[in-house]
Amino acid sequence: MIAVAVLAVVALATIIVFFYLKALIWPQQEKVTAYTTGRIGKSKIPGMPKSDPENGNLSDITAAGSFHEFLLNLHSKYGPVASFWYGSQYYVSLASPKAWKDHIKIFDRPPELFEFLLPLIGPRSIQYINGAEGKERRRTYDPSFSHTSIKNYYSSFQLAVDSMIEKISSLPAGEHIPLTEYMSMLTIKAVSKSTFGDFFKEDGKAVKLLHHYEIVMEVLNQKMADKVESQEKFNNALKEWHDFMLSAVNHRRSNPPKEDDKIFIDILMEYCKTEKELTSDAISYFVAAFHTTAFMMVWSLYYLCQHQEIQEGVHNEILGILGKDGKVDHSNLDQLPYIKRVFNESMRCSVLAPFAARVNYEEDVDVQGYTIPKGTSVIHALGVVLQDVTIWPDPDRFDPDRFLPENVAKRHKLAHSPFGFAGKRICPGYRIAYAEGAVFLASLLQQFKFKLVEGQDIHRKFGFVTLPSDEVWVTVLKRE
Ligand code: HEM
């Protein structure tokens, strides 16, 4: 699967290049040159000294293997509030629920974090929009993903998984299935149908979209590594992707819904002032929604394969609530807590989204007795906390019971923050991820038992999203 390998490398490359490019591409940002000695505020924030006068700690990040692993090293040595140097830029990283609490109200995100996606999503994407405009966009878009709105999405999720069940059922018994490919197709179809309308009702269009995405990301990866095999291929792939999304928008424009049937794409069309902005946000939401949820499913099924007794426990819960053929919907989602525990533990154990970031351009921020000067990019080391042995004993052990209510009550509220934690800018799609995942997992487990094909050596490849090191192959056995 191209996307798996490509995205992992892209993510690492991102980390390496974004700090270099920051000053060039985002010149409006204030630099924190006044603090180049690392002595800030009242006390000095502990942190890693520069390994190189020009490149700061870049070589340490490369040596660690990924940004997440670098942050693990950094925080184990310097504590939960720690600084480091990315090139000549001074950064601070936060890795404890208490430190996060002091940063919880900050909305702005250092735009360079998503720099590598710039050619794909464009500079007017929500990812890069800060201040009043960013807040207004979130206020406008967020209702499409509210508790009430997603009531209407379940049928689209069900349609997508039903057609996948049909496909799997038609395969010869014992056939091996590539999990990443299957889950990506599933989430791409579910997202497109639920939030982008019936343009995608034929399967072929979703397949085509995934295909373009893979090509774009492959060439983007080559671009990051400065090894673009063909600039023309890159331009063509990008154009194909943009044209495709534009066709979806135009199709909706010519087939407007009734007032009561409006979905996310309709809100976008009403709000966005230019075609560029519209395509930018359409693509941003599309990619953010399908990619992460696909890997939440991949990791969940992977762990359930490794722990057959837990897979059976979840299956029993599903049988008890839904029977053999019942469907998950808004009315029964909360009656399936084991499924939610599996998703929470899978996101934790895989470290699905290892970090987020914020910046306060207006004023200094006090965090746990330290003063972080305004304009400093601050990393939220989500993954470091998800692996913190003092919060999660034996952190690499998969145990959904960590999320039983009595165990949750013992932890800080922010200890499990796979969707971010900083106020009005946390992931807008967290409710969809749980609802969509529950529809998929319940329907798949009602029909099948999943087993890992033997002989695979899968490990976590930490990037911007944590992917399995290789395609995960499973055998799917029909349940009686
Ligand atoms: C398991 C699934 C998912 C995970 C783990 C995840 C994780 C995250 C994280 C960590 C962030 C950064 C938050 C921050 O900066 O504090 C984020 C942002 C975002 N996510 Fe998700 N996400 C998931 C699913 C979705 C879905 C289904 C959607 C569809 C609506 C979505 C749309 C977005 C968007 C648009 C942003 C950027 C928001 C902004 O810039 O204001 N995500 N996500």
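Ligands are counted one by one from 1 in listed order, and the atoms in each one are counted from 1 as well. Sequential numbering from 1 along the given sequence is applied to the chain's residues. Side-chain atoms are counted along with the backbone in the values below, which use heavy atoms only and exclude waters and symmetry mates.
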Using distance only, find each side-chain donor-acceptor pair of residues 344-356 under 3.5 Å and give its atom names and separation, not counting sequence neighbours.
residue: N344; atom: OD1; partner: Y434; partner atom: OH; Å: 2.5
residue: E345; atom: OE1; partner: R348; partner atom: NE; Å: 2.8
residue: E345; atom: OE2; partner: R348; partner atom: NH2; Å: 3.0
residue: E345; atom: OE2; partner: D399; partner atom: N; Å: 2.7
residue: E345; atom: OE2; partner: R402; partner atom: NE; Å: 2.9
residue: S346; atom: OG; partner: S300; partner atom: OG; Å: 3.2
residue: S346; atom: OG; partner: V342; partner atom: O; Å: 2.7
residue: R348; atom: NH1; partner: L386; partner atom: O; Å: 2.9
residue: R348; atom: NH1; partner: P395; partner atom: O; Å: 2.9
residue: R348; atom: NH2; partner: P395; partner atom: O; Å: 2.6
residue: R348; atom: NH2; partner: R397; partner atom: O; Å: 3.3
residue: S350; atom: OG; partner: S346; partner atom: O; Å: 2.6
residue: S350; atom: OG; partner: L352; partner atom: N; Å: 3.4

Below 3.5 Å only, please: the N or O atoms of ligand 1 paired with protein N or O atoms, distance on each line.
residue: ligand 1; atom: 15 (O); partner: R109; partner atom: NH2; Å: 3.0
residue: ligand 1; atom: 15 (O); partner: R358; partner atom: NH1; Å: 2.8
residue: ligand 1; atom: 16 (O); partner: R358; partner atom: NH1; Å: 3.3
residue: ligand 1; atom: 16 (O); partner: R358; partner atom: NH2; Å: 2.8
residue: ligand 1; atom: 40 (O); partner: R109; partner atom: NH1; Å: 2.6
residue: ligand 1; atom: 40 (O); partner: R109; partner atom: NH2; Å: 3.3
residue: ligand 1; atom: 40 (O); partner: R425; partner atom: NE; Å: 3.2
residue: ligand 1; atom: 40 (O); partner: R425; partner atom: NH2; Å: 3.3
residue: ligand 1; atom: 41 (O); partner: R138; partner atom: NH1; Å: 2.8
residue: ligand 1; atom: 41 (O); partner: R425; partner atom: NE; Å: 2.9

Item to check | Cation over ring face, K167 and Y182, 6.0 Å, 45° | outcome: yes
Checklist outcome for this item: For V328 and Q158, the nearest pair of non-hydrogen atoms, with its separation, is N-OE1, 4.4 Å
Checklist entry - Checking K105 against F107: charged group under 6.0 Å from the ring centre and within 45 degrees of the axis? => result no
Item to check | Closest contact, heavy atoms only, F343 versus A438 | outcome: CE1-N, 3.5 Å
Next on the checklist: For H307 and Q311: C-alpha separation, side-chain torsions, deciding distance, then whether side chain to side chain contact (heavy atoms under 4.5 Å, CB included) applies.
Outcome noted: CA-CA 6 Å; H307 300 270; Q311 189 176 149; over 6 Å; no
